[in-house]
Amino acid sequence: MSKERARRREARLAVLEKEKAARARKVARRQQRRQVLNRLRPRRRSSSGQLYRRSRGERLGILLVPAVAIAAVWLFVPELSLRIVLTAVLVLAAPALVVVVLGRKAG
């Protein structure tokens, strides 16, 4: 009877050891995957030296919308003085409009 219990206990311990080893391998794989991902993920740099953090489409829109508006002013407004004033207003208001419409990018 005691030999049978000892055999069962050994079998139980062997199964537990296999499960423990499988868990250890799984944890090791997870840690290795995290290390690889951390190496691949770009590090955030300090905001010093970086003035612009906008996507290409946003930058293109920031350039094109005022340019189209200025072109429309120069095409459709007949008086020269009014053209100049509207152009100045567009140039001066464009940065504020960009911040209002697109929002500030957090550094």
Following the transitive rule for hydrophobic clusters with a side-chain heavy-atom cut-off under 4.5 Å over Ile, Leu, Val, Met, Phe, Trp and Tyr, establish whether Val77 and Trp74 coincide in one cluster.
yes
Indicate every side-chain donor-acceptor pair of residues 62-71 with a distance under 3.5 Å to a residue at least two apart or in another chain.
none

Check whether Leu102 and Val91 end up in the same hydrophobic cluster, where Ile, Leu, Val, Met, Phe, Trp and Tyr are linked by side-chain heavy atoms less than 4.5 Å apart.
no
Between CZ of Arg59 and CZ of Arg56, what distance do you get to the nearest 0.5 Å?
7.0 Å
Hey, are Arg83 and Glu79 close enough for a salt bridge, meaning a charged N less than 4.0 Å from a carboxylate O?
no
Please answer: with hydrophobic residues joined when any side-chain heavy atoms are less than 4.5 Å apart, are Val73 and Leu80 in the same cluster?
yes
So CZ of Arg7 and NZ of Lys3: to nearest 0.5 Å the spacing works out to 9.0 Å
Does any non-hydrogen side-chain atom of Leu13 lie less than 4.5 Å from one of Arg9?
yes
Identify each donor-acceptor pair in which a side-chain atom of residues 22-40 lies under 3.5 Å from a protein atom, sequence neighbours left out, and give them as a table.
| from | atom 1 | to | atom 2 | distance (Å) |
| --- | --- | --- | --- | --- |
| Asn38 | OD1 | Arg41 | NH1 | 3.3 |
| Asn38 | ND2 | Arg34 | O | 3.3 |

Could you tell me which residues satisfy side chain to side chain donor-acceptor pair (under 3.5 Å) with Glu17, sequence neighbours excluded, listed by chain and number?
none
Could you tell me the separation between the OG1 atom of Thr87 and the CG atom of Leu92, rounded to the nearest 0.5 Å?
10.5 Å
